[in-house]
Amino acid sequence: MGKDYYQTLGLARGASDEEIKRAYRRQALRYHPDKNKEPGAEEKFKEIAEAYDVLSDPRKREIFDRYGEEGLKGGGPSGGSSGGANGTSFSYTFHGDPHAMFAEFFGGCTVNVPTLDGRTIPVVFKDVIRPGMRRKVPGEGLPLPKMPEKRGDLIIEFEVIFPERIPQTSRTVLEQVLPI
């Protein structure tokens, strides 16, 4: 029998997205290796990250709910109804970094930055993004005029637009999510 990601997060099947986020927050803080020095805490922290990775993604969660861990990782039932829509197969392996997931969940974020040549570069930010903040991404800018095989730096500047007012429903959500 495979892992039960709901049990890992201390949840019942059918938990809401909000319950999954709260459970991840609680468990990740409890077992973070910087905070918890007990034997096995690091491994539990990785299991919590994997559980959140699956349950927070609607497609992975649907496959897990239907076929369990075996189905999610490619060992599900065989035949015409296996896998995803239109007979396509699905195979999942957790390759994520539990520490990066923690940083993203608790304040870090990844911004997909479009470039002039049509590419998209994911840039991870661990600090608070402020209006007018600039970030340099070395070697991802335009080609250098005298050496076109080399690229200059890409400069990202943030324009942060704050809402003029926040609806009460949003305020309630922010009060639940943000620390007081």
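Since the model is a prediction, treat every value here as computed from it, not as a measurement.
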If every non-hydrogen atom of [X] is compared with every non-hydrogen atom of [Y], which pair is closest and at what distance?
{"X": "E157", "Y": "G132", "value": "CG-O, 4.1 Å"}
{"X": "P143", "Y": "P148", "value": "CB-O, 3.6 Å"}
{"X": "D153", "Y": "P138", "value": "OD1-CA, 3.1 Å"}
{"X": "G14", "Y": "Y6", "value": "N-CE2, 4.0 Å"}
{"X": "G2", "Y": "E69", "value": "CA-OE1, 3.0 Å"}

Check your understanding: Hey, quick one: are V160 and V113 part of the same hydrophobic cluster, counting side-chain heavy atoms closer than 4.5 Å, chains of contacts allowed?
Key -> yes
**Study point:** Verify same cluster id: F162, M133 (apolar side-chain graph, 4.5 Å)
**Key:** yes
Measure the [atom1]-[atom2] distance between [X] and [Y] for me, rounded to the nearest 0.5 Å.
{"X": "R13", "Y": "D4", "atom1": "CZ", "atom2": "CG", "answer": "5.0 Å"}
{"X": "T115", "Y": "R151", "atom1": "OG1", "atom2": "CZ", "answer": "7.0 Å"}
{"X": "L72", "Y": "D57", "atom1": "CG", "atom2": "CG", "answer": "9.5 Å"}
{"X": "Y24", "Y": "L55", "atom1": "OH", "atom2": "CG", "answer": "12.5 Å"}
{"X": "K73", "Y": "K60", "atom1": "NZ", "atom2": "NZ", "answer": "11.0 Å"}
{"X": "E43", "Y": "K46", "atom1": "CD", "atom2": "NZ", "answer": "5.5 Å"}

Check your understanding: side chain to side chain contact (heavy atoms under 4.5 Å, CB included) with Y5: which of D65, V54, I48, I20?
Key -> V54
Revision key, fill the gap. Residue pairs meeting side-chain hydrogen bond (donor to acceptor under 3.5 Å, both in side chains), one or both in residues 28-37, sequence neighbours left out, come to none
Point to revise | Cluster companions of L116 among Ile, Leu, Val, Met, Phe, Trp, Tyr (side-chain spacing under 4.5 Å) | key: L142
Exercise for review: Report yes or no: does R134 contribute a side-chain atom to a donor-acceptor pair with the main-chain N or O of I155 at less than 3.5 Å?
Suggested key: no
Atom [atom1] of residue position [X] - does it have more than 12 heavy atoms of other residues, nucleotides or ligands inside 6.0 Å?
{"X": "E149", "atom1": "CD", "result": "yes"}
{"X": "R119", "atom1": "CZ", "result": "yes"}
{"X": "K44", "atom1": "NZ", "result": "yes"}
{"X": "E159", "atom1": "CD", "result": "no"}

Exercise for review: Look at E50 together with K3 and state whether they make a salt bridge at an N to O cut-off of under 4.0 Å.
Suggested key: yes
Practice item. Check whether any side-chain heavy atom of Q27 lies under 4.5 Å from a side-chain heavy atom of L11, and answer yes or no. Key: no
Point to revise | Side-chain heavy-atom pair R25, Y52 within 4.5 angstrom cut-off | key: no
Exercise for review: Would you please test R59 and E62 for side chain to side chain contact (heavy atoms under 4.5 Å, CB included) and show each step?
Suggested key: CA-CA 5 Å; R59 182 169 181 228; E62 179 185 356; 5.6 Å; no
